[in-house]
Colleague: 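Okay, handing you the structure first.
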Amino acid sequence: MWLSLHKPVAQAHLRLLLAVSACSGPVHFGTASAVAAAVTTRGPSPSRGVAATAMPSSSSSPPPPAEVTTNSAADAGGFRLTEPDFLESLMPKKEIGVDRFLAAHPEYDGRGALIAIFDSGVDPAAAGLQITSDGKPKILDVIDCTGSGDVDTSKVVKPDADGAIVAASGARLVVNSSWKNPSQEWHVGCKLIYELFTDTLTSRLKKERKKKWDEENQEAISDALKQLNEFEKKHAKPDDATLKKAHEDLQSRLDFLRKQAEDYDDKGPVIDIVTWNDGDVWRVAVDTQTLEGNDNGGKLADFVPLERKYAIFSKLDACSFAANVYDDGNLVSIVTDCSPHATHVAGIAAAFHPDEPLLNGVAPGAQLISCKIGDTRLGSMETGTGLVRALIAAVEHKCDLINMSYGEPTLLPDYGRFIDLSNEVVDKHRIIFISSAGNNGPALNTVGAPGGTSTSIIGVGAYVSPAMAAGAHCVVQPPAEGMEYTWSSRGPTADGDLGVSISAPGGAVAPVPTWTLQSRMLMNGTSMASPSACGGVALIVSGMKAEGIPLSPYSVRKAIENTAASISNSPEEKLTTGNGLLQVDRAFEYVQQAKKFPLVSYRISINQVGKSIPKLRGIYLRGGIACHQTSEWTVQLDPKFHDGASNLEQLVPFEERLQLHSTDTSVVKIPEYILVTNNGRSFNIVVNPANISSGLHYYEVYGIDYKAPWRGPIFRVPITVIKPITLQGEPPQLSIPNLSFKSGHIERRFINVPFGASWAEFSMRTSAFDTPRRFFLDTVQICPLKRPIKWEAVVTFSSPSSKNFSFRVEGGLTLELSIAQFWSSGVASHEPTCVDFEIVFHGISIDQKVIALNGSESPLLVVARSLLASEKLIPVATLNKIKMPYRPVECNISSLPTDRDRLPSGKQIIALTLTYKFKLEDTAEIKPHVPLLNNRIYDNKFESQFYRISDSNKRVYSSGDVYPSYVKLSKGEYTLQLYIRHENVQFLEKLKQLVLFIERKLDKKDFIPLSFYSEPDGPIVGSGTFKSTVLVPGEPEAFYVGPPSIEKIPKNAPPGAVLVGSLSYGTVSTFNKKDEQNDRAPVSCSISYIIPPSKVDNGKEKGVSVGTKSISQQLDEEVRDTKIKFLSSLKQETDEDKSAWSELVASLKSEYPKYTPLLTKILECVLQKATCDDKISHEKEVIAAADEVVGSIDKEELAKYLSLNSDPEDEAAQKFKKKMEETRDQLANALYQKGIALAEIESLKSGESIEPSAKDIFEENYKELVKWVDAKSAKYGTLTVLRERRCGRPGTALKVLNDLIQNESEPKKKLYDLKIQLIEEMGWSHVLTYEKQWMQVRFPPTLPPF
């Protein structure tokens, strides 16, 4: 998704989801008060100092986009809108000619057009999204394509005699008797509600819920304090042990409640989902009692099933949702939105407000489907799974258009699985695909994927008009002319394509979801420009359908590009604005006139003569020798018809005679004419940039049908030439004084970065202005097969001052430095900003790109040079992370069962699930890393790389995809599952042993600083330490990097693991102490150390004591121990098994009477035996087995020995000591198990009277246990909890239990169950509800679906 440091996209990380019913045909979403759903199975040249200008006002151009009223304020230089103008500016449409178009064609308002919104989910309850202008349902379907709302409902239950079922959460739910279910089979699942909500909504709910919880908890604290005070008043100085314990219990209750308040962490209520088939369709009901917070609302049986409608969870959250059913009821998708973004986008495209038509979206008659591609689990980051499923849904619903206001930078343009499938959607299924170009401007080469980099997708830049500035943005004085927003991404692409196709208004006040508790808000970004353009194209589609004009993405794209209004007269601005500002009326006239022409798109492939690769889509000369000499290029034109075009009727007769044009024949020379047939044709272009000035230059070669020149360019070849300046000096530097900036003005400088440069220091000084000024600073360098090297900063000067920065550069590559005054900064002032800037290049190069220490004692030689100027070399290296490689312990390849994973081609997508196991010895921050797949989403041939980390209780701690993130985990064992999808099983087979790394941060105290030496033996002899030196240009210096000492290597780090960190060198020379970056090294490289094999233990050999036992004795003991070991392997499932086991036990007891290890093993087997229906009998068997263990031990001898200290030098004494300690542990365990069994029997007989002697047995047994061990320790503490409980001291029991839980490395469900019982006994209902909700977090019934 679009993520940027300083770009005001409609929220930095588009987050949103939504709710919709699932069916193969249109679905109408109406409002409803119930929370159930019936669903069918779907089984420009700033380098010359030119600011962007507004649309020209020539006679051939449309009128200005907004009318303004002038008065005395206007005469004084003010700007005032009328009320209608103001409303129109909130939802800009005049800018793109919508008013003229609808005045001429009022019925072509989007009717008949269906738009798929690929985004974060549209709220069907939002204002303006219920019906179209002709009364049809606005939203036909809402789908969660990511799986973030999926609920496993494979568990099937049947109702009891009272018509109730046991839900997945364990709750007993009464089913409405009027619900038709012939099979009486109910599929159940559950979901933590916060997993469906946005962070913003969750935060609001947490505050409201905590307020209520705090009130209840404070009341409970007051009661507990009251009881304690009354006790202390009654017993001022309790001497009696019982009274002391009672006082301790009351104090523990108070402490517990106070601790609960301190540790309160609301994970949200759990909702139960039930789905069933009524004989015709699958229906869904949702129980939200826990969300309502009372016993009167949200009950399952009170919900009336809704057919093809949406609902809300509760009035508190006001969040809309719907449900889709897949896989014959085994999976339910609860669809919610996760950000206002998608609803805002949909509102711009198609909202209909019958009472306020000026606030209508661009195409109020159009219908929508919402395809949620933003995954809630990832904060609305898009995933490959979501993207592919969205394309499938768009084809399935026969959509006419797709709008996608998502994207990000990419490694390779026009490449990847999603791009391949998008090409198919456009070429075969004739869907018009429109997408945002990105918000990473103002530098060039900042368009992102897919909108700005893909051949089949129309990329849209963001335009702001004076009316929008005055109205929607509320600026004091708007600019005189329209312009592109400062942050709108610019072309070209890395392979020379234009990048931006057209521009459209990039800001609006549009609808937002109901959970925001407002109806609309202002957002701006190319995310808003894209739906504005999409709505405009929907109007054209509406007209084409009404007039029977064949609909084709090819003809529509040609129409909108060839009729767009120029925003600037500068050719170079085309890289900013694309072909211009969309004009709907002109474009429609174009398609009307061109309806009989072939539906063809020209695909352009270019390569430089003499080179076969790479294949390019434009000519892009960016510095180097290429900008100073003539080059020749071959352009291959290939006409592309839609799939299924007739050979005889369309392909054979196709012929176009084109006149070729160059925008500047002095630089770009071409042939005059070309004849193109279906099989394509090539021609050559000669580019001679030798005599052009330095800076940015843009040219085009285009073909005109000389029989119908009104058609405009049939194809275009973009040619971008950047001629950088070469710097002189030592060090090389560029200083430019007295640059004048006004709002929206951009200055670009292109510099040939000297070879040997590795960082630059940039200084900027502002003067001669009054109001604060905001600047965007960007630098970009382009590297082959890499993402651009980009540095950016947003700087606000509240008064004339200077600021300094440093950033990494790559020597030998052209650098663009872009300085832009933000479009709305300083608009109320008539004073320009005066800027002086200086950029100085420095460099230290080393002969090692990656410094890898191989695990030996040998240091690594590093040679450093400075080619530009004298530089101070001060190396500093620290290892601060460790990476451990893992291979999967399990892999599973399976065909996905649902239609949502069946491609339009009919192929079913296949999933590979890889399971990895890892263990943490201490709490740590870790991050998984898959080198093959990470950091690529659009430029990746695999569509998914989703992972999740869970524990043995199925609790998920972290999820991630393309960009893994750190998660803090406690000590314990964890499972990571990696989920990869593709339709080609052979590709997946190759990944079955995929290597994954777990990267763990070291604690700061464990960071490993490395030492540097001037001698190769320095690490061993400790001499020749290297600290710093001054590098003289042309003279290399060398030093050694020493390995870390063995003592510094982290414990439990296995051989083969890699310690990683960074080696920094060089210092910033121009910064003073006030500069933020003064302490930061300007450049660094990675450094690693492979952990070597562990040292061999040369200690004493361990062996059997000599001469203590005869061979016969040793044999007898081995036989005995084998028999005991064999005992535990026997099963006790059938009566025959049990009988055989009992006989063997009797035989062994007879053979080895009162042998404690044997009796301990028998007790262990009894405990492991499956509990029969007669639980009391089983517990008595445990007691009997425990008594035998206790009876076999001479407690007096044991106590006597344990009171003595053994000689640590005496091996035999130490061995005997170990044996006696084992005996003590066996005794303690038997007493512990007996106590547990006695307590269980009491619990089972809770309705019966218990003899006092039975109670005495438990107490005597407990007192015996405390003689030998700490009964509050982790191993035996449960018995102490039970004892305190049966003594009527639940507060003390809770205190002990909490200590036990905190000391557990992994949560144990039985301890938490006991905690809930104790809380319930004390009547703390608010704490009970809280802890039960946490149980669903700690111990979910199943792992969630991917």
Side-chain angles (χ1 to χ4, degrees), residues 5-8 44-53 76-77 441-443 469 473 475-481 483-487 694-696 725 727-729 731-751 759-780 791-807 815-842 1068-1078 1082:
L5 169 70
H6 62 266
K7 318 309 181 198
S45 173
S47 62
R48 300 179 180 177
V50 179
T53 59
H473 289 283
V475 299
V476 175
Q477 182 175 335
E481 297 175 318
M483 66 180 75
E484 210 79 356
Y485 280 99
T486 310
W487 35 255
S694 62
L696 171 65
I725 60 174
L727 304 182
Q728 303 296 327
Q733 59 184 301
L734 173 66
S735 299
I736 300 182
N738 300 323
L739 288 174
S740 181
F741 283 83
K742 289 188 176 182
S743 302
H745 179 72
I746 303 171
E747 287 283 348
R748 303 184 197 273
R749 293 296 183 270
F750 300 93
I751 305 167
W759 80 91
E761 298 176 12
F762 177 74
S763 300
M764 180 176 176
R765 179 181 295 276
T766 58
S767 60
F769 63 92
D770 44 12
T771 58
R773 304 297 158 97
R774 187 183 185 198
F775 285 85
F776 283 8
L777 310 178
D778 285 8
T779 67
V780 172
W791 172 83
E792 58 187 20
V794 182
V795 187
T796 298
F797 292 90
S798 57
S799 62
S801 59
S802 63
K803 293 184 182 293
N804 302 311
F805 308 90
S806 71
F807 48 87
L815 172 83
E816 176 192 354
L817 170 62
S818 172
I819 306 174
Q821 184 168 319
F822 192 60
W823 74 271
S824 62
S825 177
V827 292
S829 173
H830 297 287
E831 296 182 7
T833 314
C834 182
V835 174
D836 306 330
F837 78 81
E838 179 182 75
I839 184 168
V840 184
F841 292 94
H842 298 264
V1068 176
S1069 61
T1070 61
F1071 294 176
N1072 56 47
K1073 294 182 179 180
K1074 294 183 179 180
D1075 292 311
E1076 295 179 1
Q1077 296 184 337
N1078 191 41

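Quick caveat, the model's predicted, so the values are computed rather than measured. Note: hydrogens, waters and symmetry copies are ignored here, and every other heavy atom, side chains too, is used.
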Colleague: Hey, what do you get for OG1 (Thr779) to CZ (Phe762), rounding to the nearest 0.5 Å?
Modeller: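 Taking OG1 in Thr779 and CZ in Phe762, the distance rounds to 9.5 Å.
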Colleague: In Å and rounded to the nearest 0.5 Å, what is the CG to CD1 distance from Leu739 to Ile819?
Modeller: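 If we round to the nearest 0.5 Å, Leu739:CG and Ile819:CD1 are 6.5 Å apart.
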Colleague: With rounding to the nearest 0.5 angstrom, report the CD to CZ distance, Glu831 to Phe769.
Modeller: 9.5 Å
Colleague: What are the two closest heavy atoms between Thr771 and Gly826, and how far apart are they?
Modeller: OG1-CA, 4.1 Å
Colleague: Taking all non-hydrogen atoms of both residues into account, name the closest pair between Pro800 and Ser767 and its distance.
Modeller: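 Shortest heavy-atom separation between Pro800 and Ser767 comes out as CB-CA, 3.8 Å.
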Colleague: Working to the nearest 0.5 angstrom, can you tell me the gap between Glu816 CD and Asp778 CG?
Modeller: 7.5 Å
Colleague: When you measure from the side chain of Thr766 to the backbone of Val835, do you find a donor-acceptor pair of N or O atoms at a distance under 3.5 Å?
Modeller: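 No; judged by distance alone, with no hydrogens or angles, the pair does not exist.
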Colleague: Decide yes or no on side-chain contact (heavy atoms from CB on, under 4.5 Å) for Leu815 and Ile839, but give the supporting numbers first.
Modeller: CA-CA 11 Å; Leu815 172 83; Ile839 184 168; 4.0 Å; yes
Colleague: Using side-chain contact (heavy atoms from CB on, under 4.5 Å) as the criterion, point out the one residue from Phe822, Tyr485, Phe776, Trp823 that pairs with Pro442.
Modeller: Phe776
Colleague: Roughly how far, to the nearest 0.5 Å, is the CZ atom of Phe841 from the CD atom of Glu761?
Modeller: 11.0 Å
Colleague: Given the side-chain rings of Phe741 and Phe775, with only the six-membered ring counted for Trp, is the space between their centroids under 6.0 Å?
Modeller: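 Aromatic pair counts; centres sit under 6.0 Å.
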Colleague: Who are the side chain to side chain donor-acceptor pair (under 3.5 Å) partners of Thr833, not counting sequence neighbours?
Modeller: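 For Thr833 the side chain to side chain donor-acceptor pair (under 3.5 Å) partners, ignoring immediate neighbours, are Arg773, Gln821.
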Colleague: From Arg749 CZ over to Phe837 CZ, what is the distance, rounded to the nearest 0.5 angstrom?
Modeller: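 If we round to the nearest 0.5 Å, Arg749:CZ and Phe837:CZ are 5.5 Å apart.
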Colleague: Taking the side chain as every heavy atom from C-beta outward, state whether Ser740 and Pro832 have any pair of such atoms under 4.5 Å apart.
Modeller: yes
Colleague: Considering only heavy atoms from C-beta outward, does the side chain of Cys834 approach that of Asn738 to under 4.5 Å?
Modeller: yes
